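See structure below.
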Amino acid sequence: MFDIVPESAIDEGRATDAYFLRTEEALAHAGKNPRVVVEVTADQFPTGEFELLAGVADVARLLEGRNVDADAIPEGTLFDGGPVMRIEGPYLEFARLETSILGFLSHPSGMATAALRARLAAPETSLLSFGARHVHPSIAGTVDRSALVAGFDGFSHVAAGDLMGRAASGTMPHALMICFGPGNQEDAWRAFDEAVDADVPRIALCDTYDDEVNEAIRAAELGFDSVRLDTTGSRRGDFRHIIRETRWKLDMAGHEDVDIFVSGGITPAAIDELADVVDGFGVGSYITNGDPIDFALDIVELEGEPTAKRGKLSGVKSVYRTPDGGHHVELADAEAPAEGTPLLEPLVRDGEVVAEFDIDAAAERAMAEAELVGFGESMSE
Ligand SMILES: O=P(O)(O)OC[C@H]1O[C@H](OP(=O)(O)OP(=O)(O)O)[C@H](O)[C@@H]1O
């Protein structure tokens with residue numbers, strides 16, 4: 001019905017580049033199915049430019065039930081070089097899965113990395129992921145899960161929530177306000193308040209027809225807990241001033257408890273500029289525009305012997321984090337760096353998924369990692 005590659009095609013390995021099917025034919029013809037170790041890597045050596053890993057859970061599900069062992073650094077870990085994942089087994093067990101394995105990691109990790117930049121711009125302020133509308137609906141869950149791995153507080157997409165067993169958050173769209181017509185904002189807000197479950201936060205959208213200050217005070221008078229300002233870019237002028245003026249006049253009217261949320265084109269720079277005058281942000285395109293990480297999957301060992309294509313590092317590797325925040329890449333059988341903690345952990349053993357995936361734990365790890373490696377310090381918009 002829609003242009004969506006079905007889950008069954010991913011699981012069966014048909015969500016692949018055709019040359020892997022040709023490879024299967026050629027290997028079968030030659031009677032070959034070598035035991036290999038492959039590694040998934042973005043940069044061969046540490047670069048100092050860290051990125052946040054996400055999407056590992058989907059890879060684990062894809063490898064489940066296949067005759068392979070796999071290790072991966074946990075979701076929510078920052079990496080800047082060396083393998084993030086290692087898979088070992090007969091090559092034909094997983095040859096055709098390469099395309100989907102890389103896709104499962106590349107896009108989520110890029111979005112999680114962007115989301116972490118936003119998170120670090122205001123560690124204490126509420127951040128909601130609003131990005132689903134910018135991507136194909138089939139991956140909305142990936143967008144919002146990546147944002148949560150990076151420490152976001154919530155997300156807006158209902159089906160993404162169904163996937164994660166969490167409730168979506170949200171306020172109200174301009175469409176609701178416009179359906180009641182100009183001058184009738186109270187009718188729209190009142191209808192929302194009367195109709196929507198009591199446990200849904202009362203956040204009124206206050207920029208549709210009149211001045212933000214005017215609408216915010218009117219919504220507050222109706223009893224709304226919070227207002228959202230999504231002022232159109234062409235009208236924004238000095239957004240910080242608009243927000244401060246709204247805060248000032250809400251306070252003057254006795255509505256010191258009414259929170260102010262903002263959305264629309266919010267970037268880490270905007271968060272940095274506005275965090276002290278707002279109570280929360282909705283962030284969409286900044287997350288979904290996060291560049292996919294350029295992962296590659298390469299054979300590094302063939303029948304127990306180190307090998308690699310030119311330009312790639314042969315041999316099975318380990319990666320370590322040292323207390324100074326260093327990320328070290330070494331041969332797996334070499335001595336670990338002093339005080340180095342190995343980052344690759346068992347993911348799949350004999351086809352059984354042995355890792356656990358906890359979004360909150362990943363988010364905690366991401367924040368600790370960011371502090372350890374100084375991720376925020378090299379942050380650019
Ligand atoms: O700019 P982003 O960071 O991607 O934010 C996502 C969207 O959230 C806000 O929309 P709103 O709910 O106000 O949309 P509406 O005008 O359709 O009601 C904002 O105006 C963006 O369109």
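Just so it is clear, the model here is predicted, and its values are computed rather than measured. For reference, positions follow the sequence shown, starting with 1. Both ligands and their constituent atoms are indexed starting at 1 by order of listing.
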| field | Atoms in ligand 1 flagged as close to G265, the criterion being non-hydrogen separation under 4.0 Å | value | 1 (O), 2 (P), 3 (O)
| field | Short N-O contact, D225 and R202, less than 4.0 angstrom | value | no
| remark: Note: heavy atom closest to atom 20 (O) of ligand 1, options T208, V262, D230, belongs to D230
| What are the atoms of ligand 1, with element, lying closer than 4.0 Å to any heavy atom of G264? | 1 (O), 19 (C), 20 (O)
| query | Quick one: does G131 get a heavy atom under 4.0 Å from ligand 1? | reply | no
| query | What's the shortest distance from atom 22 (O) of ligand 1 to any protein heavy atom, and which residue and atom give it? | reply | R133 NH1, 3.8 Å
| request: Please identify which atoms of ligand 1 are closer than 4.0 Å to at least one heavy atom of R228. | output: 9 (C), 11 (P), 12 (O), 13 (O)
| At a 4.0 Å threshold, what atoms of ligand 1 neighbour a non-hydrogen atom of P173? | 18 (O)
| Can you check whether G284 has an N/O within less than 3.5 Å of an N/O in ligand 1? | yes
| query | If we only count N/O pairs under 3.5 Å, is Y286 in contact with ligand 1? | reply | no
| request: May I ask you to check if R22 and Y19 form a cation-pi contact, with NZ or CZ under 6.0 angstrom from the six-membered ring centre and within 45° of the axis? | output: no
| field | Shortest protein heavy-atom distance from atom 4 (O) of ligand 1, along with the residue and atom involved | value | H134 NE2, 2.5 Å
| said: Give the atom numbers and elements of ligand 1 that come within less than 4.0 Å of a heavy atom of F130. | reply: 6 (C), 8 (O)
| query | In the protein, which heavy atom is nearest to atom 16 (O) of ligand 1, and how far is it? | reply | H174 ND1, 2.7 Å
| field | Derivation and outcome, side chain to side chain contact (heavy atoms under 4.5 Å, CB included), residues I139 and H107 | value | CA-CA 10 Å; I139 65 158; H107 199 183; 3.5 Å; yes
| query | Taking both backbone and side-chain atoms of G282, is any N or O found less than 3.5 Å from an N or O belonging to ligand 1? | reply | no
| Members besides L222 in its Ile/Leu/Val/Met/Phe/Trp/Tyr cluster (side-chain heavy atoms under 4.5 Å) | M172, L176, M177, F180, W189, F192, V196, V200, L205, F224
| task | List, by chain and then residue number, the residues other than V37 in its hydrophobic cluster (Ile/Leu/Val/Met/Phe/Trp/Tyr, side-chain heavy atoms under 4.5 Å); write none if there are no others. | result | V300, V316
| request: Kindly compute the distance separating CG (D210) from CD1 (I217), expressed to the nearest 0.5 Å. | output: 12.0 Å
| message | For the backbone of Y91 and the side chain of N33, can you confirm whether one donor and one acceptor N or O come within less than 3.5 Å of each other? | response | yes
| message | Go through it in stages, so that I can follow the logic: the residues are L229 and C206, the test is side chain to side chain contact (heavy atoms under 4.5 Å, CB included), and I'd like the CA-CA distance, side-chain angles, deciding distance and then a yes or no. | response | CA-CA 6 Å; L229 310 183; C206 293; 4.1 Å; yes
| Short side-chain to backbone donor-acceptor contact, H157 and A160, under 3.5 Å | yes
